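Computed from a prediction, not measured in an experiment: that's the story for all the values here. Note: hydrogens, waters and symmetry copies are ignored here, and every other heavy atom, side chains too, is used.
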Amino acid sequence: MHISRDLLIKSIQHVFKALSNNSHGILSGLYIYAGNEEVIFRGSNVSLTVQYKACITDSKIHIFNEGSIVCPAKYLYEIIRKLNDGNVILEVNEQLILSITSGNTRVCLSGMSPIDYPFIPTQDHQQTGNGIDVSCNSLKYLIKQVAGACSTSEGKPILTGVSLEVQGNQLTMTATDGVIRMATGSICIKNGMGFSGSAVIPGVNLIEIVKLLDDDHGMVTIQFSPHEIRFITQNQLIESVLIEGLYPPTRNLVPTSHVSEIILNIKSFRQMIDRVFVLADYHLITMHVSEKKLELISSTAEIGDVRDTLFLEDKNGVNFSISINGKYLLSTLRCIESDSIRIRFTGTMSPLVLLPVLEDSTWLFLLNPVMRRINV
């Protein structure tokens, strides 16, 4: 096979991200298949498998013989990355030795049989009825908003995942750590087959999928299976395992009433938290809301304290004070692409509700208060 170095490195980079640094044996390798119509590159860490397809219609590829091999991913990537621009010749012999030739450079890598490498069966969701189509940019934005609220503790594995639910022409994602925070959001989808269903995907995999998906304005097909979920674009196929079990109901966690509501400029609020967080012992920040302003306070024993004030864009309801985890609040605000945010106070023992100012937006965040430590 003859292939341009720029296309080869691009293809390898797409799948290399799926490989784990701790992988051994066959999973430390990268799968390459040259066929009649395409060249397929695949990387996997069992939980997440990524496949990238380069079509032979591209003038940068010429295939002379079909074949496949699994070769050491780390060394292959470093070698190709450091080659000069131009054509690269890849050849595999019967002893599974991959020969890489570029100009005056020739490298031979010992490969492995591709028989045991993770395989992704292809499906047509138009026939199976188990798929939906969604804007790539909308999907990535939704994942960025929600996935960070997952639990990082394996005590309750189901909470390390994000719940995906399809109803009608809407995809809803929900995540919670079960203790401090919850995030949910919805986007419009194309659901021509009328699919309805749900799945729980590991949050760490969703975060990786955001990085793996191409930055474009195209569409992503999401296919649901009993044990896997697939994200498919024109050249990519990403498959993730699912977490077994029922995701806990979260609708009853959202307070139905509030006693106060404020509207803030998000950029100014983030900058304010950044400053106050410097001296936030145990990540604890206290919010004081009066008639026209918000005051944030934090302190660290024997070091000092900090106070900062921000004028409100609007306020309805009573004045209030609440202590929250500044780290989680800041990470939540970084997920929101908006000029302003609506914050509802529902009581000293109830979560803060973070909402969009625009009523037609569908995201929502909950952040539970932190009880102050009392020294006796």
Side-chain angles (χ1 to χ4, degrees), residues 1-24 26-35 37-63 67-92 98-103 105 107 109 111-112 114 117-120 136-137 139-140 143-144 147 202 204-221 230-240:
M1 173 177 70
H2 292 202
I3 183 171
S4 69
R5 183 249 178 206
D6 61 332
L7 179 58
L8 181 57
I9 193 64
K10 174 185 175 182
S11 303
I12 292 174
Q13 285 174 335
H14 272 284
V15 301
F16 188 78
K17 298 174 185 177
L19 300 172
S20 170
N21 292 329
N22 300 319
S23 294
H24 300 284
I26 195 75
L27 291 182
S28 66
L30 187 148
Y31 172 92
I32 303 176
Y33 166 75
E37 299 180 352
E38 61 197 8
V39 180
I40 291 176
F41 300 83
R42 190 182 304 148
S44 177
N45 61 11
V46 177
S47 175
L48 189 68
T49 300
V50 180
Q51 181 171 291
Y52 186 81
K53 178 178 66 176
C55 297
I56 62 171
T57 52
D58 193 318
S59 60
K60 298 179 179 180
I61 303 175
H62 297 282
I63 299 172
S68 60
I69 191 172
V70 174
C71 46
K74 176 183 176 182
Y75 296 104
L76 176 66
Y77 176 68
E78 286 299 320
I79 289 166
I80 302 302
R81 190 170 66 86
K82 294 176 181 180
L83 291 177
N84 293 326
D85 290 336
N87 274 341
V88 179
I89 302 173
L90 302 180
E91 297 175 292
V92 177
L98 175 67
S99 172
I100 305 169
T101 305
S102 175
T105 304
V107 181
L109 291 178
M112 295 172 277
Y117 205 81
F119 174 71
I120 303 178
C136 182
N137 288 339
L139 177 64
K140 292 172 71 170
I143 294 172
K144 288 177 182 178
V204 291
N205 285 3
L206 269 183
I207 292 171
E208 284 302 313
I209 287 169
V210 167
K211 302 173 185 176
L212 291 164
L213 287 172
D214 287 327
D215 289 321
D216 57 32
H217 300 285
M219 301 294 288
V220 178
T221 295
R230 299 184 185 96
F231 299 81
I232 304 169
T233 64
Q234 183 176 359
N235 296 100
Q236 284 179 296
L237 194 161
I238 304 170
E239 180 180 86
S240 170

Is the closest side-chain heavy-atom distance between [X] and [Y] below 4.5 Å?
X: L83; Y: I100; result: yes
X: V88; Y: T101; result: no
X: S4; Y: L7; result: yes
X: V46; Y: L27; result: yes
X: L48; Y: L212; result: yes
X: Q236; Y: V220; result: no

Go through the steps to decide whether L19 and S28 satisfy the test side-chain contact (heavy atoms from CB on, under 4.5 Å), and finish with yes or no. CA-CA 7 Å; L19 300 172; S28 66; over 6 Å; no

Mind listing the closest non-hydrogen atom pair of [X] and [Y] along with its distance?
X: S47; Y: N205; value: OG-ND2, 2.8 Å
X: G111; Y: I69; value: CA-CD1, 3.9 Å
X: I32; Y: C71; value: CD1-SG, 4.1 Å
X: G43; Y: Y117; value: CA-OH, 3.3 Å
X: S68; Y: Y31; value: CB-OH, 4.2 Å
X: I61; Y: A54; value: CD1-CB, 3.6 Å

Give a yes or no on whether the backbone of [Y] and the side-chain of [X] come within a donor-acceptor separation of less than 3.5 Å.
X: S102; Y: T105; value: no
X: N45; Y: A18; value: yes
X: R5; Y: R81; value: yes
X: Q51; Y: V15; value: no
X: N235; Y: K53; value: yes
X: R42; Y: P118; value: yes

Measuring centre to centre across the rings, with the benzene-like ring taken for any Trp, is F41 within less than 6.0 Å of Y52? no

How long is the straight-line distance from [atom2] of [Y] back to [atom1] of [X], given to the nearest 0.5 Å?
X: I63; Y: E37; atom1: CD1; atom2: CD; answer: 10.0 Å
X: M112; Y: L98; atom1: CE; atom2: CG; answer: 11.5 Å
X: L76; Y: I9; atom1: CG; atom2: CD1; answer: 8.0 Å
X: H62; Y: I3; atom1: NE2; atom2: CD1; answer: 10.5 Å
X: L109; Y: S99; atom1: CG; atom2: OG; answer: 9.0 Å
X: L213; Y: I232; atom1: CG; atom2: CD1; answer: 11.5 Å

Is it true that, when you exclude Y77 itself, more than 12 heavy atoms of the residues, nucleotides or ligands shown sit nearer than 6.0 Å to its OH? yes

Check against salt bridge (Lys or Arg N to Asp or Glu O under 4.0 Å), K82 and E78: CA-CA 6 Å; K82 294 176 181 180; E78 286 299 320; 3.7 Å; yes

Carefully, step by step, assess V70 and L30 under the rule side-chain contact (heavy atoms from CB on, under 4.5 Å). CA-CA 5 Å; V70 174; L30 187 148; 6.0 Å; no

